[in-house]
Amino acid sequence: MGSKAEETKAVKKPLMTSRQIGLAAAFGAAAFAFRASGLVITLAPPLVIDLGALMPCLAGMAGGPIVGIIAGIARGIPSGLPQVDLILQPVKGIYWAYVYKYVILRIKDVKLRWPLFWIITWLLCFFVESPLFVFANSLLGFYPFFPTWPFTLGWYSALYGIYEAVIFSAIIAALPSVFGWKEGKAPW
C-alpha cells in the first residue's frame, strides 16, 4: 500500500485538453487547406489575402497559444514563402491568444467590446503583423526599402486590417461559445 503522501500527489495537467487538440486539428486543417488550395486574392506579390492566414489568430483566440502555434505551422507549410510563414504565422497565434484573453475579453460591456475589438484588430494588423512580415520579406530581398512600408504597402495593411476585423467578427458572432465571447472569458 502507498503512503498518504503518494495518494495526495498532484495529478499533472496535460499540455493540451481534448478540446484544444480538436481546435488545433480543425483550425490547422482549415489553415492548410485554404492556403494549399490557392484560393487567394493577390494584391501586391507576394502578399495575398486568404482565409488561411486568419486561422492561427482565430485558433489562438479559441484555444490558446499552443493551438495558435499548431495552426500557424499548418498555415506555413503550403505557403509560397515558407521561410517567412513557418516562423511568423505561429507568432500570430501566440500574440492573438494573449491579446484576446488579456485585453479584448477584459472589456465587460459587449457593446463596447465590439468596436474596441475592431480597432485593436486593425491596429495589430497595421502596426504589428504588417511590419513583421514586411521586415521578414525585406530580409529575403522582396522589399528593399523596409522603412518605407507605410507608404509603399500601407494601403495593403489598412485594407487587410479591415478584412481581418470583418472576418473575425463574423466567425466570433457565429460561434460565440467557441471563443468565450458572451462570458467574457477565454475558454482555454
field: Centroid-centroid under 6.0 Å between Tyr98 and Tyr95 rings
entry: no
task: Could you list all the salt bridge (Lys or Arg N to Asp or Glu O under 4.0 Å) pairs where at least one residue sits in residues 68-78, not counting sequence neighbours?
output: Asp50-Arg75, Arg75-Asp85
field: hydrophobic_cluster_shared for Ile120 and Tyr102, side chain cutoff 4.5 Å
entry: no
message: Looking only at the aromatic ring of each residue, does the gap between the centers of Trp96 and Phe168 stay below 6.0 angstrom?
response: yes
message: Grouping I, L, V, M, F, W and Y whenever their side-chain heavy atoms are under 4.5 Å apart, do Ile73 and Leu51 come out in a common cluster?
response: no
query: Can you tell me how far CD1 of Ile21 sits from CD1 of Ile70, rounded to the nearest 0.5 angstrom?
result: 8.0 Å
Leu39/Phe34 under side chain to side chain contact (heavy atoms under 4.5 Å, CB included): CA gap, chis, key distance, verdict: CA-CA 7 Å; Leu39 297 173; Phe34 281 125; 5.7 Å; no
- prompt: Under 4.5 Å between side-chain heavy atoms, hopping through other hydrophobics if needed: is there a path connecting Val103 to Ile172?
  reply: yes
Ala158 to Phe126 - nearest heavy-atom pair and separation: N-CD1, 3.8 Å
query: Can Leu139 and Asn137 be said to form a side chain to side chain contact (heavy atoms under 4.5 Å, CB included), step by step?
result: CA-CA 5 Å; Leu139 292 177; Asn137 283 302; over 6 Å; no
query: Heavy-atom distance under 4.5 Å between the side chains of Val67 and Trp188, does that happen here?
result: no
message: Any side-chain to backbone donor/acceptor pair from Ser130 onto Cys125? Under 3.5 Å, distance only.
response: yes
- prompt: If you take all heavy atoms of Ala97 and Gly64, which pair is closest and at what distance?
  reply: CB-C, 3.7 Å
- request: Taking all heavy atoms of Met16 and all of Ile66, pick out the closest pair and write down the distance.
  value: SD-CG2, 3.6 Å
query: Between CD1 of Ile94 and CD of Gln89, what distance do you get to the nearest 0.5 Å?
result: 12.0 Å
Over all atoms of both residues, closest heavy-atom pair of Arg19 and Pro187: NH2-CG, 3.3 Å
message: Please tell me whether Leu54 and Ile171 are part of a single hydrophobic cluster in this structure, the criterion being side-chain heavy atoms less than 4.5 Å apart.
response: yes
Phe27 to Ala62 - nearest heavy-atom pair and separation: CE1-CB, 4.0 Å
- request: Provide the full list of salt bridge (Lys or Arg N to Asp or Glu O under 4.0 Å) pairs with a residue in residues 87-103, sequence neighbours left out, each pair given once.
  value: none
Distance-minimising heavy-atom pair for Glu129 and Cys57: OE2-SG, 4.2 Å
statement: Residues passing the side-chain hydrogen bond (donor to acceptor under 3.5 Å, both in side chains) test with Ser37, sequence neighbours excluded, are none
message: Using 30° and 60° as the class boundaries, would you call the ring planes of Trp181 and Trp114 parallel, tilted or perpendicular?
response: tilted
- line: Separation between CD1 (Ile167) and OG1 (Thr121), nearest 0.5 Å, reads 12.0 Å
query: Does the pair Ile104 and Leu116 meet the rule for a side chain to side chain contact (heavy atoms under 4.5 Å, CB included), with working shown?
result: CA-CA 8 Å; Ile104 294 167; Leu116 290 175; over 6 Å; no
- prompt: Below 4.5 Å, heavy atoms only, C-beta onward: do Glu183 and Pro176 meet side chain to side chain?
  reply: no
Side chains of Trp122 and Ile162 in contact at under 4.5 Å (non-hydrogen atoms): yes
message: Just so I know, are the side chains of Leu140 and Gln83 near enough to count as touching, which here means a heavy-atom distance under 4.5 Å?
response: yes
- prompt: Do the side chains of Leu86 and Ile69 join up, straight or via other hydrophobic residues, at under 4.5 Å, putting them in one cluster?
  reply: yes
message: Would you compute the distance between atom CG of Leu88 and atom CZ of Phe133 and round it to the nearest 0.5 angstrom?
response: 4.5 Å
- request: Kindly indicate whether the side chain of Leu58, heavy atoms from C-beta on, has any atom under 4.5 Å from the side chain of Phe179.
  value: yes
- prompt: Mind checking whether Arg113 and Leu105 have side chains closer than 4.5 Å, heavy atoms only?
  reply: yes
